[in-house]
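Being a predicted model, the structure only gives us computed values, none of them experimental. Note on naming: letters A, B, ... go to the chains in the order of the sequence lines (proteins, then strands), and numbering restarts at 1 for each one.
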Number of protein chains: 2
Amino acid sequence: MRWNDIDSEVCSVARTLSVVGDRWTLLVLRDCFLGTRRFEEFQKSIGMSRHRLTDRLNKLVENALLEKKQYQNNPPRSEYVLTQKGLDIYPVLVSLTGWGNKWMDDGDGIPLEYHHKGCDHQTQPVLSCDHCGEQLGPRDVRVVPGPGIIEKFKRGERPVYIPKKLVNQYAEKMNISLDDTANKKG
Amino acid sequence: MRWNDIDSEVCSVARTLSVVGDRWTLLVLRDCFLGTRRFEEFQKSIGMSRHRLTDRLNKLVENALLEKKQYQNNPPRSEYVLTQKGLDIYPVLVSLTGWGNKWMDDGDGIPLEYHHKGCDHQTQPVLSCDHCGEQLGPRDVRVVPGPGIIEKFKRGERPVYIPKKLVNQYAEKMNISLDDTANKKG
DNA sequence: CTTTACAAGTTCCAAAATGAAACCTACTAT
DNA sequence: ATAGTAGGTTTCATTTTGGAACTTGTAAAG
């Protein structure tokens, strides 16, 4: 499979990666959250080739995570600022940071710490349930087919990565009949 | 800069991406969390070339996110299972999923839903402060230089992506003197 | 027996993505 | 007149991919 086709997978991880899942894009976004806005700043900070940077910034603008704003006409100069869609990547960056802090320490300690303005304490952001507030780990959660998958199964499409067990159990429980003669993939 | 050098950046995002920041690795890990363990399963599910899959699985084993366990001797056949280090990637995948659910819907709705076993409710995992439990967004948090950066500044190294302002403010406040004649990068 | 299937790779090659360095354009400051 | 700054673009060699075919050892089917 070509990476270009990844955005049409029936999977939110795959679709998200189609936008931010290449070598440099998340580093560009990291810089955005630290206040970087201009081409040269990104380039010096990240150290990627100008070539790639041009391309990645354009894609982020195309995908509406960044907005390009001209701050000067002659010669034309622009800044790249996060949109809401871009701001929403925050949890991804925070999670990556948390993992790096824990597992990739080089012996000097955590590079950057977070301080929660609200409670005025150092914080290590964690995942929690938006309903009860409890912390969430892989074992605390059950994955259930959502409408995005059920609809496709009803149409006879079979997204490959979903364990059939999962969907069949669910279909049975919900008394939905899924035509089982249809083929995988849509 | 070469991608291979990215793991020595003074940045937890960069270091984490040096392990999981390529096209396919996070999809492999996604599958792991859904229970996939064997080569053929990964390959069918993800649709990446066997070539790459071999390589990515090996790297995940090298980096200790997966453990390779032989389940049969002749011919030798093995499974790949998540270690604690691998399990800790969970928040990253959940965050990617959340973003995809919100911004990359194809019109059919969310592919997979989460159900929190603890409170028995559907849940959308959110980031929160591990101290006070409040939800955290980009504006609720102040980034502060941690030991991993301070140490390097003391040694005269200047990690490029950190806004100098940030470190200088901090150094002043903490009354740390940082030799300003030293060069960036270490 | 002989053929087919399965699982987990490996090999080979063409096509695509990347990195480095040089170049371009339009100012501004020295 | 010269150098510097900002934001790119161009060129070209090197790396990384994707795809398809091949390998190895075993078991099951005809």
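Side-chain atoms of B:Thr83 come within 3.5 Å of backbone N or O of B:Leu65 as a donor-acceptor pair. Checking side-chain atoms of B:Gln43 against main-chain N and O of B:Met48 turns up a donor-acceptor pair under 3.5 Å. B:Thr97 places a side-chain N or O within donor-acceptor distance of the main-chain N or O of B:Leu93, the cut-off being under 3.5 Å.
Take B:Gln70 and apply the side chain to side chain contact (heavy atoms under 4.5 Å, CB included) test, not counting sequence neighbours, and it matches B:Asn73, B:Pro76. Partners of B:Asn101 by side-chain hydrogen bond (donor to acceptor under 3.5 Å, both in side chains), not counting sequence neighbours, listed by chain and number: A:Ser12. Among residues two or more places apart in sequence or in another chain, the side-chain hydrogen bond (donor to acceptor under 3.5 Å, both in side chains) test is passed with B:Gln84 by B:Asp88.
Taken to the nearest 0.5 Å, the OG1 atom of B:Thr25 stands 9.5 Å off from the CG atom of B:Leu66. In this structure, CG on B:Asp55 lies 14.5 Å from CZ on B:Arg50, to the nearest 0.5 angstrom.
Applying the ring-ring contact (aromatic ring centres under 6.0 Å, His included) definition to pairs two or more places apart or across chains, those involving residues 117-136 of chain A are A:His121-B:His131, A:His131-B:His121. Among residue pairs with one or both ends in residues 13-39 of chain B, those qualifying as salt bridge (Lys or Arg N to Asp or Glu O under 4.0 Å) are A:Asp106-B:Arg15, B:Asp22-B:Arg56, B:Arg37-B:Glu79, B:Arg38-B:Glu79; sequence neighbours excluded. Legend: ring-ring contact (aromatic ring centres under 6.0 Å, His included) pairs involving residues 32-76 of chain B, not counting sequence neighbours, sorted by first then second residue: B:Phe33-B:Tyr90. Sequence neighbours left out, not one pair with a member in residues 129-148 of chain A passes salt bridge (Lys or Arg N to Asp or Glu O under 4.0 Å).
Boundaries of the chain A contact region on DNA chain D are D:dA6 to D:dG19, first to last in 5' to 3' order (nucleotide atom under 4.0 Å from a heavy atom). In the 5' to 3' direction, nucleotides of DNA chain C lying under 4.0 Å from heavy atoms of chain B begin and end at C:dA7 to C:dA20.
For the segment residues 45-63 of chain B, residues with any heavy atom less than 4.0 angstrom from an atom of DNA chain D are, sorted by number, B:Ser49, B:Arg50, B:His51, B:Arg52, B:Arg56. For residues 19-35 of chain A, proximity to DNA chain D is found at A:Arg23, defined as any non-hydrogen atom under 4.0 angstrom from a strand atom. Non-hydrogen atoms lying under 4.0 Å from DNA chain C are contributed by B:Tyr71, B:Arg77, B:Ser78, B:Tyr80, all within residues 70-80 of chain B.
Taken together through direct or relayed side-chain contacts under 4.5 Å among Ile, Leu, Val, Met, Phe, Trp and Tyr, A:Leu96 and B:Val126 form parts of separate hydrophobic clusters. In this structure, A:Met104 is a member of the same hydrophobic cluster as B:Met1, with clusters built from ILVMFWY side-chain heavy atoms closer than 4.5 Å.
The only member of B:Val13, B:Val144, B:Val10, B:Leu166 that meets side chain to side chain contact (heavy atoms under 4.5 Å, CB included) when paired with A:Leu112 is B:Leu166.
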